[in-house]
Amino acid sequence: MLTKMSIVAAVALMTMVSSSAVFGHEDREEGDYKFIVGFLDEPAYEGLRNAVSLRVSKAKAEGHGGAMQKDAANEPSHHGGSATAPVEGLEATLQVEVTHVPSGESRVMSLRAAWQDPGHYLADLIPTSPGHYRFRFFGTIEGNEIDLTFDSMAGGGSFDDIREASAIHFPEAVASGRELESAVRGARTEAQQARDAATGAEDAASGASMLGIIGIVVGAIGVALGGVSLLRLFRSGD
């Protein structure tokens, strides 16, 4: 009796651990395939190493004795009561386009197979801005064309948005790399504006100096002409 209770407790613990591993991920079925998508580590924060996480499994018949097998995420399948098996080798046929929706920045990234976890694929990244992210997986699975899009919670999806790192700073919040870069850009802009203003002032001063010189020259010419006129007047009086 004790042994059976221990087994039940162990199974319950494994289920809890498995559920937490995919907490917040989106679970979707397309045809014969099941997809579980999200960030590898959730909650997910800016500036911390993370990865796009994709699990792919496929419906298959029940195992010997009618026992239900579990999929790559150790969860019972929803494929009409049949079990699922992980789909392997997709690192060679699938890619993911990662988009930070607020900025519109996107990048196509390769997938790698997770170590000793069949059917699990990762695209490593360090998200540098918080907010809404979108994953688009495209390519082929066992010869079938695939083009699927998954959005984080801000876009109506189920997996976590990227959160600002200050939420977990302790004991003091420090500026993120994004904030520091923004401050540096602002300082550079102000410095350039100051240089432009100084250049404009120099140009204005140079222009004023040139006008002054021209005025002096014109004045000197006027004086010379006046002197010539006076000289002619004196001679004519003689």
Side-chain angles (χ1 to χ4, degrees), residues 21-31 33-57 72-73 87 89-114 117 119-141 144-169 172-196:
V22 293
F23 177 76
H25 288 36
E26 182 167 340
D27 188 332
R28 184 187 302 181
E29 293 182 9
E30 296 283 344
Y33 302 101
K34 178 179 179 180
F35 301 86
I36 299 177
V37 172
F39 284 104
L40 177 63
D41 296 321
E42 294 187 10
Y45 293 93
E46 63 172 324
L48 299 182
R49 181 172 180 175
N50 212 315
V52 176
S53 173
L54 167 68
R55 292 182 183 272
V56 183
S57 56
V87 180
L90 301 185
E91 68 275 15
T93 63
L94 280 185
Q95 291 181 295
V96 59
E97 180 183 37
V98 180
T99 300
H100 177 242
V101 177
S103 67
E105 293 292 329
S106 64
R107 179 184 298 180
V108 173
M109 308 179 74
S110 300
L111 294 167
R112 64 177 178 86
D117 192 0
H120 189 192
Y121 303 92
L122 303 171
D124 299 300
L125 79 163
I126 298 176
T128 56
S129 292
H132 176 194
Y133 280 71
R134 176 176 295 141
F135 303 155
R136 171 178 167 255
F137 298 95
F138 62 96
T140 61
I141 297 180
N144 300 303
E145 292 289 336
I146 294 294
D147 195 333
L148 297 175
T149 298
F150 297 79
D151 284 272
S152 63
M153 291 180 181
S158 301
F159 66 90
D160 204 15
D161 297 323
I162 293 297
R163 309 182 188 191
E164 292 188 2
S166 59
I168 56 173
H169 287 172
E172 295 181 2
V174 297
S176 66
R178 168 180 52 85
E179 292 168 331
L180 290 174
E181 182 179 357
S182 178
V184 169
R185 283 201 301 267
R188 287 176 177 171
T189 299
E190 291 179 359
Q192 184 61 49
Q193 291 174 344
R195 284 195 294 268
D196 292 343

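These values consider heavy atoms only, across backbone and side chains, with no hydrogens, waters or symmetry-generated copies.
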Taking only residues two or more places apart in sequence, or in another chain, which ones meet H132 in a ring pair (Phe, Tyr, Trp, His ring centres under 6.0 Å)? none
Report the residues that fulfil ring pair (Phe, Tyr, Trp, His ring centres under 6.0 Å) with F137, sequence neighbours left out, ordered by chain and then residue number.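 Partners of F137 under the ring pair (Phe, Tyr, Trp, His ring centres under 6.0 Å) test: F150.
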Side chain proximity check, [X] to [Y], heavy atoms < 4.5 angstrom:
| X | Y | value |
| --- | --- | --- |
| F135 | V98 | yes |
| D117 | R55 | yes |
| L148 | R28 | yes |
| L94 | L54 | yes |
| V96 | Y121 | no |

Looking only at heavy atoms, which two atoms of [X] and [Y] are closest? And how far apart?
| X | Y | value |
| --- | --- | --- |
| S152 | G131 | OG-O, 4.2 Å |
| D161 | A154 | OD1-N, 3.0 Å |
| E46 | P130 | OE1-CD, 3.7 Å |
| R163 | P43 | CZ-CB, 3.6 Å |
| T140 | T93 | O-OG1, 2.7 Å |

[X] side, atom [atom1]; [Y] side, atom [atom2] - distance, nearest 0.5 Å:
| X | Y | atom1 | atom2 | answer |
| --- | --- | --- | --- | --- |
| H100 | I162 | NE2 | CD1 | 8.5 Å |
| N144 | Y33 | CG | OH | 4.5 Å |
| S129 | E164 | OG | CD | 10.0 Å |

Could you give all pairs that pass the salt bridge (Lys or Arg N to Asp or Glu O under 4.0 Å) test and reach residues 131-141, with sequence neighbours left out?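 Residue pairs passing salt bridge (Lys or Arg N to Asp or Glu O under 4.0 Å), neighbours aside: E97-R136, R134-D151, R136-D147.
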Is it true that a side-chain atom of D160 and a backbone atom of E42 form a donor plus acceptor pair closer than 3.5 Å?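 Not a single qualifying donor-acceptor pair exists.
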Looking at H25 and I36, would you say the former's side chain and the latter's main chain have a donor-acceptor pair under 3.5 Å?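 Not a single qualifying donor-acceptor pair exists.
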Side chains of residues 105-114: which donor-acceptor pairs under 3.5 Å do they make with residues two or more places apart or in other chains?
from : atom 1 : to   : atom 2 : distance (Å)
R112 : NE     : D124 : OD2    : 2.7
R112 : NH2    : D124 : OD1    : 3.1

Residues which pass side chain to side chain contact (heavy atoms under 4.5 Å, CB included) with N50, listed by chain and number, not counting sequence neighbours: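 In terms of side chain to side chain contact (heavy atoms under 4.5 Å, CB included), with neighbours along the sequence ignored, N50 is linked to F39, L40, D41, A44, P127.
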Residues in side chain to side chain donor-acceptor pair (under 3.5 Å) contact with S53, at least two apart in sequence or another chain: H120
Who are the side chain to side chain donor-acceptor pair (under 3.5 Å) partners of R195, not counting sequence neighbours? Q192
